[in-house]
Amino acid sequence: MLSSHFNPQELETRWYQHWMEKNYFHSEPDEREPFTIVIPPPNVTGVLHMGHMLNNTIQDILIRKARKEGKNACWVPGTDHASIATEAKVVGMLREKGIKKSDLPREEFLNYAWEWKEKYGGIILDQLKKLGCSCDWERTAFTMDPKLSQAVIKVFVDLHKKGKLYRGLRMTNWDPSAKTVLSNEEVIYKDENSQLFHIKYAFEDNPAEGIVIATQRPETIMADVAIAVHPDDERYKNIVGKKVLIPLIDRAIPIIADSYVDMEFGTAALKITPAHDQNDYEVGQRHNLEVIDILNADGTLNEAAQILVGEDRFVARKKIKKLLDEGGHLVELENYVTSIGTSERTGAVVEPRLTKQWFLDMKDFAATALKAVKEGDVKFFPENMWNMYYSWLQEDNIRDWCISRQLWWGQRIPCWYLKSDESETPFVAEGEKEALEQIRAHFNDNNIDLDDLHQDEDVVDTWFSSWLWPITVFNGFDDQKELEYYYPTNVLVTGWDIMFFWVARMIMAGYEFAPELLGENARGIQPFKDVFFTGMVRDNKRRKMSKSLGNSPDALTLIDKYGADGVRYGILSCTSAGADIIFDAPIDPATGEVLNESKLCEQGSKFCNKMWNALKLIKGWKVEDKEQGKVEKLAIEWFENRLQQVGNQLEIYFEEYRFSDAILSLYKLIWDDFCSWYLEWIKPEDGTISKATLEATIGLFEKQMSLLHPFMPFVTEEIWHQLKDRAKGEDVIVTPFPEKKAYDKNLVAAIEKAQTLVTKIRETRASNQLSSREPYPLYAEKVAATEKLFATDGMAELVSKAANLSNLEISEKGEGIAFLSGAEKYYLGAEVEVNVEEKKAELEKEIEYQKGFVNSIEKKLSNERFVSGAPAQVVDRERQKLADGQARIKILEEELGKL
RNA sequence: GGGCGCAUAGCUCAGUUGGUUCAGAGCACCUGCCUUACAAGCAGGGGGUCGGAGGUUCGAAUCCUUCUGCGCCCACCA
């Protein structure tokens, strides 16, 4: 006995377990064609959010489809160690315990971090299981697994050997919260309301006079080493070379001339602070100026500042404002909107800082990555993502990748230095022993010991390990057997926001290492053939859904409420490639909190319920030894063809990654065509049905479940099994799709015509307040189109059943309520009181409209350039439309005449 | 400052080389139905001069120009 409502929770667990037991998700290389996807590894500390739901649902659809097509489908799951984010969390956790990171040795800190990872690391993967993701869990990888880390080290050494990695002192982006350097891509610029401080610096030799500069950062004046003006600036020409005193600390600095200064901006005089600004640093280099760094790693002022020592930079700004004002140095305050760099991970305002870091030379990499997409070896969906890609990678824009991070959680840089070597000559090697050899050889001293060396304290950027992901998950750097089979992967599904962080860099790594690893055995060297970029999931106010904004519904609560299939449906139906996704999750106006509700997911769960009820209907029928009726025969034939049509269309949607169109077409097929039309047609009065019809219906239902399975795996598997007894292993997850073949367009069109007629009859009933339960006769006017329609065996019965007719007759004339379906006239044989005036007005209005319609077509057809210029097909269509229109007018006028 | 994209029904969006059923879908709304699978449902309905203006064409939501309003990416101007 089936429950009255579809109940997803229990069966989702049951089916997932069943699939796992059958090992359907696991893949081993064999003779079949592989279909590979590597998951964009979520942060190990992360929890499932709407963005994950979206791209993992899509990946699951693709992988399930491939599996059903008989390919060797392999979806590799895993997580990313996310150094900054994870380290920040562990530091926070320790702080709560009263432990400072700086008090811990590296080893001990890492033990805590691993403990943390073991405890929370698997959460997001378990959540993916709830969503139904059919990942090969035996292959679950982690970017800090020993083999993956080993590969990072190898790659580091290799790139160093090739001369693509170098260490240097550069102006870098410093995150004072995480206390590490960041790559350019990790800096997010935001507009902020700020103030421009106009500050007067007095001349050393004439303290009464001075020069006014403009700055946003008054707290850095103690690090000033010069004032710069434009060499052509007449206002300042005669004071270049003079010295001025820095306010408050009275250190003398020169006025210099440099064409970098913009004569139009501010006061056209610029303070030069090489330690705390990229441009100032460059100016300083040109003029051989000193670098005075007044900031500590955590953003507080150091001794060099002389005043406000120990204060945070933003506190210092407030305080120095007061000091400058009191000292009479502050001339003006101007409101100003400025773009300010913040850390992608911690949100802290990034500080330009001069540090020694490791960089990867990007020139060749960028060119290769650009070419791969340009030449179509890697295809982007949607195509226009190329623009963004290009703008970042083009030669004069790309900058070297800063890959070192001042963190502990991650792969430690395989570089050793001789402790006594003040110039810090780096020795890059896979291990300390190899490094020792190099160092002994270099310094020509065999007495040097391991104790005399020290390893670089830093780790590499997380992305320097994840850029190898499509290779390392198959242990490609150790043993190429699996790589040969699975690489290149078929498609990457990810958000465009990590195009630079990850997508571009994976392409670079693929082209750099796959040829070396695979040689002639490579089926391709690109890491993936297609990239499907999903949009960002936003709320109904178009804000990006994020944990910090609190505007994202809780993924698991949604799954609890609507079922995994319902949520999958909901998220898919608002997905279009590349475009942002407005996921409507209403917000409680009273509390401002997001309600874990979604209309679209609700629609998805109702859809499940609908299918469930169709199942109940079919299962309630008893087979009786009786002949199959005409209606059933025709309905079955029609639905087979209609199903074929949708199946073919689905194939096109898949090729173009149009998931919302795909699921909507299945929704309509099942709800409208199958439930509303087909089942109503074959539904018996007495609950008994012929064997042939029941079997055909089950077969049709099966096929629909098969087509829908990749999108909504649980409900389809359940119904598939409820429909009939299955042999062991006969699960829809591994059942091939229905065969693709041509369908009968004429039959589909004919039924559509019949459906239009049925709707017209219902409409006529409704507008005349006639009960839908009362059978009435229908008279069809004898015209060619009508005769043709009803020549199909069973068509009259089909229409009669759907429209509840007592009789359907084609005759020269009929009586009752006249109406039009297409250009054909029908009469519904019912007596109604007719309001003549109303009816007249209605007809006149309709005639007028039809005449306008006919006029416009006549005009078109009398235009010779149209008749000669347009394709014959189009002209024929217009002629048909004209004839239909004229026929309609004739009928309407006859009706009018009768009144 | 450079570049990309979007604007179609109250809302979210389709509309694939200009031409059938080109002005559509879902939700929302209105009307009538507790018809034995489903009220988480059934049957029907109203609603848009396709952002504005010009142009190309026999024909424009679709191509071009321009304006307006949004969104995004990139870029070292205090």
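Throughout, a chain's letter reflects where its sequence line sits, starting with A, and its residues are numbered from 1.
- Checking B/G41, B/C38, B/A43 against every side-chain atom of A/S676, the shortest atom distance belongs to B/A43.
- At a cut-off of 3.5 angstrom, counting only N and O atoms as typed in the model, there is no donor on one side facing an acceptor on the other between the side-chain of A/K599 and the base of B/C27.
- Taking the six-membered ring for Trp and the full ring otherwise, the centers of A/F265 and A/Y336 sit less than 6.0 Å from each other.
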Under 3.5 Å, which donor-acceptor pairs do the side chains of residues 670-682 of chain A form with other protein atoms, sequence neighbours left out?
from	atom 1	to	atom 2	distance (Å)
A/D673	OD2	A/R642	NE	2.7
A/D673	OD2	A/R642	NH2	3.1
A/S676	OG	A/W671	O	3.2
A/Y678	OH	A/T697	OG1	2.8
A/E680	OE1	A/K683	NZ	3.4
A/E680	OE2	A/K683	NZ	3.4
A/W681	NE1	A/L798	O	2.8

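- When the C1' atom is compared between B/C6 and B/U12, the two are found 14 Å apart, to the nearest whole Å.
- Taking every side-chain heavy atom of A/R773 into account, B/U35 is the closest of B/C38, B/A14, B/U35.
- Ranking B/C38, B/U20, B/A37 by closeness to the A/K881 side chain, first place goes to B/U20.
- Among the heavy atoms of the strands lying under 4.0 Å from A/W671 are primed sugar atoms or P, OP1, OP2 only; no base atom is included.
- Here the C1' atom of nucleotide B/A37 and the CG atom of A/L694 are 14 Å apart, to the nearest Å.
- Using a 4.5 Å heavy-atom threshold, the side chains of A/F607 and A/V715 count as separate.
- Base-pairing analysis of RNA chain B finds the following stems of at least three consecutive Watson-Crick or G-U pairs, with both pairing distances under 3.5 Å: B:1-7 with B:68-74, B:10-13 with B:24-27, B:29-33 with B:41-45, B:51-55 with B:63-67.
- Residue A/R313 forms a side chain to side chain donor-acceptor pair (under 3.5 Å) with just one option from A/E351, A/E219, A/H276, and that option is A/E351.
- Comparing the C1' positions of B/G26 and B/G32 gives an interatomic distance of 23 Å, to the nearest angstrom.
- Checking B/C38, B/U35, B/C73 against the side-chain heavy atoms of A/S772 singles out B/U35 as nearest.
- Using a 4.0 Å heavy-atom distance criterion, A/E334 is classed as making no nucleic acid contact.
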**OP:** Please lay out, stage by stage, how A/K271 and A/T220 fare under the test side-chain hydrogen bond (donor to acceptor under 3.5 Å, both in side chains).
**Re:** CA-CA 10 Å; A/K271 76 191 200 68; A/T220 64; 2.6 Å; yes
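- Only the P atoms considered, B/C13 is 15 Å distant from B/G51, to the nearest whole Å.
- Side-chain atoms of A/Y667 lie closest to B/C27 of the nucleotides B/A37, B/C27, B/U21.
- Separating the CH2 atom of A/W681 from the C1' atom of B/A37 is a distance of 18 Å, rounded to the nearest angstrom.
- Looking at the side chain of A/F866, the nearest of the listed nucleotides B/C72, B/C58, B/A40 is B/C58.
- Within the nucleic acid shown, A/I618 has no heavy atom closer than 4.0 Å to any nucleic acid atom.
- Between A/W621 and A/T693 there is no side-chain heavy-atom pair separated by less than 4.5 Å.
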Please list every donor-acceptor pair under 3.5 Å in which a side-chain atom of residues 381-389 of chain A meets a protein atom from a residue at least two apart or in another chain.
from	atom 1	to	atom 2	distance (Å)
A/N387	ND2	A/N384	O	3.3
A/Y389	OH	A/A369	O	2.7

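- The closest side-chain heavy-atom distance from A/R217 to A/F197 is not below 4.5 Å.
- Among the nucleotides B/U20, B/G26, B/C42, the one closest to any side-chain atom of A/E878 is B/U20.
- Going from atom CZ of A/R762 over to atom P of B/G44 covers 5 Å, rounded to whole Å.
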Sub-3.5 Å pairs of nitrogen or oxygen atoms, protein against nucleotides 46-48 of chain B:
none

Listed pairs, N/O of protein and of nucleotides 74-78 of chain B, under 3.5 Å:
from	atom 1	to	atom 2	distance (Å)
B/C74	O2'	A/N397	ND2	3.0
B/A75	OP1	A/R399	NH2	2.9
B/C76	O2'	A/N279	ND2	2.5
B/C76	N1	A/N279	OD1	3.3
B/C76	O2	A/N279	OD1	2.4
B/C76	O2	A/N279	ND2	3.3
B/C77	N3	A/D262	OD2	2.6
B/C77	N4	A/D262	OD2	3.3
B/A78	OP2	A/Y336	OH	2.6
B/A78	O5'	A/Q216	NE2	2.9
B/A78	O2'	A/A214	O	3.0
B/A78	N6	A/D262	O	3.0
B/A78	N6	A/F265	O	2.7
B/A78	N1	A/D262	N	3.4

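- Between A/M611 and A/Q704, the closest side-chain pair of non-hydrogen atoms is not below 4.5 Å.
- At the heavy-atom level, A/Q769 lies nowhere under 4.0 Å from the strands shown.
- Using a 4.0 Å heavy-atom cutoff across all strands shown, A/S771 reaches no nucleic acid atom at all.
- The distance between atom CG of A/D672 and atom C1' of B/G44, rounded to the nearest whole Å, is 14 Å.
- Looking only at side-chain heavy atoms (C-beta outward), A/N613 and A/K610 stay at 4.5 Å or farther from each other.
- When side chains are defined from C-beta on, A/V283 counts as touching A/I256, because their heavy atoms get closer than 4.5 Å.
- Here the nucleotide nearest the side chain of A/T759, chosen from B/A25, B/C72, B/G44, is B/G44.
- A salt bridge does not link A/E824 to A/K760: none of the charged side-chain nitrogens sits closer than 4.0 Å to a carboxylate oxygen.
- Nucleic acid contact class of A/C675 (heavy atoms, under 4.0 Å, all strands): base.
- Taking the salt bridge (charged side-chain N to carboxylate O under 4.0 Å, His left out) definition, one finds that A/K599 meets it with A/E602, sequence neighbours left out.
- In this structure, the nucleotide among B/A37, B/C72, B/A43 sitting nearest to the side chain of A/K610 is B/A37.
- Rounded to an integer number of Å, the gap from CD1 of A/I670 to P of B/A40 is 21 Å.
- Nucleotides B/U68 and B/G52 are separated by 15 Å at their P atoms, to the nearest Å.
- Distance from the side chain of A/A766 is smallest for B/G44 among the nucleotides B/G44, B/A14, B/C38.
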